[in-house]
Amino acid sequence: MYVLLVICVAVVSYLLWIKYIYYLQNLAKSRKQLLKCMLCRNKQFNSPQTSDLSRKVRALFLTAHPDDECMFFAPAILGLLELNASVHLLCLSQGNYYNQGVQRREELLDSCAVLGIPDSQVTIHDSKELPDNPNIEWSISVASSVILKHIRAHSINLVLTFDGTGVSGHSNHTAIYKAVSYLGSTGNVPDDCSLLSLSTISVLRKYLSFLELPISWLLPSDLCFIIESKGHYQAKRAMLCHRTQLLWFRYLYIWFSRYMFVNTFRVIDQGPKNLKVY
């Protein structure tokens, strides 16, 4: 009986802790982190008011395939839109691995509309040099050229993409990180542009759903976005737009993936670095 009581108290305490995290997040943490992240690169953001800063943020999400935006980045997209940032998306392939590219293109536009990104701020790059294929390693020079042109054309000052592991380990995901790292290390990125990578976590943590939030909250990160039930419902609706991808395990992902609830980012180094380009 005593053991059962201890377990119940522990569970209730843990759930209350999660509720408290949501409360703190809604107050200010993501806003303060965004301010700190942008100020470290962009001297024009000198206003102490985070609301003023947010209106100046032009964020670009770099993805490899249609559905990446809602499977991995929904909390950050919804969080930045809530902060009144201008959010753009560049998808470097139309997802034609199974010859469904035309349909997946439309699904991506529908998903972005649900998330709140207008069609005019969604770009789908389709070329033979960057095919949707996990067995083909993308050219870093080609990918970085496409990305840099988009950054300059849309005056982007915040880039968010995968890290070196790519969350799922997909070679197209990691290629984008290499391309962005290359741009940062060579100094080609505009001086006012910050680069962030989405943190890859262990499989165990990845599928703890919202129960993983305290771990992400305690561990260091440069930017963190958390969404509640309303935001999760919106992210789930966006994922359901990708009808060609709704195999049985996708439904499990929607309910159990931590990435549907929280995103944590680390700053990509923009100092001098030797990176092989091929």
Side-chain angles (χ1 to χ4, degrees), residues 22 25 30 59-82 85 87-119 121-126 132 134 160-163 165-170 172-173 176 197-201 203 205-213 216 224-265:
Y22 276 122
Q25 178 76 7
S30 62
L60 173 64
F61 286 84
L62 294 173
T63 61
H65 319 103
D67 75 9
D68 289 349
E69 78 291 339
C70 52
M71 284 187 66
F72 305 116
F73 294 100
I77 291 173
L78 294 174
L80 284 169
L81 287 171
E82 186 178 351
V87 174
H88 298 248
L89 184 134
L90 171 60
C91 185
L92 291 179
S93 82
Q94 65 173 0
N96 201 40
Y97 187 61
Y98 293 107
N99 297 316
Q100 298 173 317
V102 174
Q103 188 173 352
R104 295 195 69 186
R105 174 187 289 268
E106 295 304 316
E107 291 172 352
L108 175 57
L109 294 175
D110 291 342
S111 171
C112 286
V114 170
L115 293 173
I117 307 175
D119 288 2
Q121 293 175 197
V122 178
T123 302
I124 305 169
H125 181 81
D126 181 32
D132 172 16
L160 306 98
T161 191
F162 298 103
D163 67 2
T165 308
V167 179
S168 64
H170 198 295
N172 298 163
H173 296 181
I176 297 178
S197 62
L198 179 66
S199 300
T200 297
I201 59 175
V203 173
R205 285 178 57 196
K206 183 177 179 179
Y207 292 108
L208 284 178
S209 188
F210 67 91
L211 296 176
E212 195 273 341
L213 298 187
S216 290
C224 176
F225 287 103
I226 298 172
I227 54 176
E228 298 185 75
S229 57
K230 181 180 178 182
H232 179 255
Y233 175 71
Q234 193 172 351
K236 181 173 68 173
R237 283 178 52 222
M239 185 61 209
L240 293 176
C241 290
H242 294 279
R243 294 173 292 279
T244 60
Q245 306 304 300
L246 294 178
L247 303 175
W248 65 270
F249 56 87
R250 299 286 187 187
Y251 290 99
L252 294 178
Y253 184 94
I254 289 172
W255 286 106
F256 293 104
S257 174
R258 162 263 200 195
Y259 288 96
M260 297 292 288
F261 292 92
V262 57
N263 285 160
T264 51
F265 293 87

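One-based numbering along the sequence shown. Please read all numbers here as calculations on a predicted model, not as lab measurements.
In this structure, C224 and V262 approach most closely via the heavy-atom pair SG-CG2, 4.1 Å. The nearest pair of heavy atoms linking D132 to H170 is OD1-NE2, 4.5 Å. Heavy atoms only, all atoms of each residue included: F261 and S209 are closest at CE1-OG, 3.3 Å. V167 approaches L198 most closely through the heavy-atom pair CG2-CD2, 3.8 Å. Here the shortest heavy-atom pairing between A235 and I227 reads CB-CD1, 4.5 Å. Closest approach of S93 to I124, counting heavy atoms only: O-CG2, 3.9 Å.
Within the structure, salt bridge (charged side-chain N to carboxylate O under 4.0 Å, His left out) contacts touching residues 244-259 (residues at least two apart or in different chains) are E212-R258.
Remark: aromatic rings of F73 and F225 are distant, center separation not under 6.0 Å. A distance of 6.0 Å or more separates the ring centres of H88 and F61.
Between L89 and T63, the closest side-chain pair of non-hydrogen atoms falls below 4.5 Å. Here the side chains of C91 and H125 are not in contact, with every heavy-atom distance at 4.5 Å or above. No side-chain heavy atom of D110 sits under 4.5 Å from any side-chain heavy atom of H242.
In this structure, CG in N263 is found 10.0 Å from CD1 in I226, a value given to the nearest 0.5 Å. Once rounded to the nearest 0.5 Å, the distance linking CG of L115 with CE of M239 reads 11.5 Å. One distance of note links CZ of R243 with CD of E107; it measures 5.0 Å at 0.5 Å rounding. To the nearest 0.5 angstrom, E228 atom CD is 12.0 Å from F210 atom CZ. Put simply, CG on L213 and CZ on R205 are 10.5 Å apart, with the number rounded to the nearest 0.5 Å. Taking NE2 from H65 and CG from L108, the interatomic distance works out to 12.0 Å, rounded to the nearest 0.5 Å.
The side-chain hydrogen bond (donor to acceptor under 3.5 Å, both in side chains) test with S257 is passed by exactly one of Y253, W255, Y259: Y253.
Judged purely by atom type and a 3.5 angstrom limit, T161 uses its side chain to pair as donor or acceptor with the backbone of L62.
A64 pairs by the side-chain contact (heavy atoms from CB on, under 4.5 Å) definition with D68, W138, N172, H173, I176, not counting sequence neighbours.
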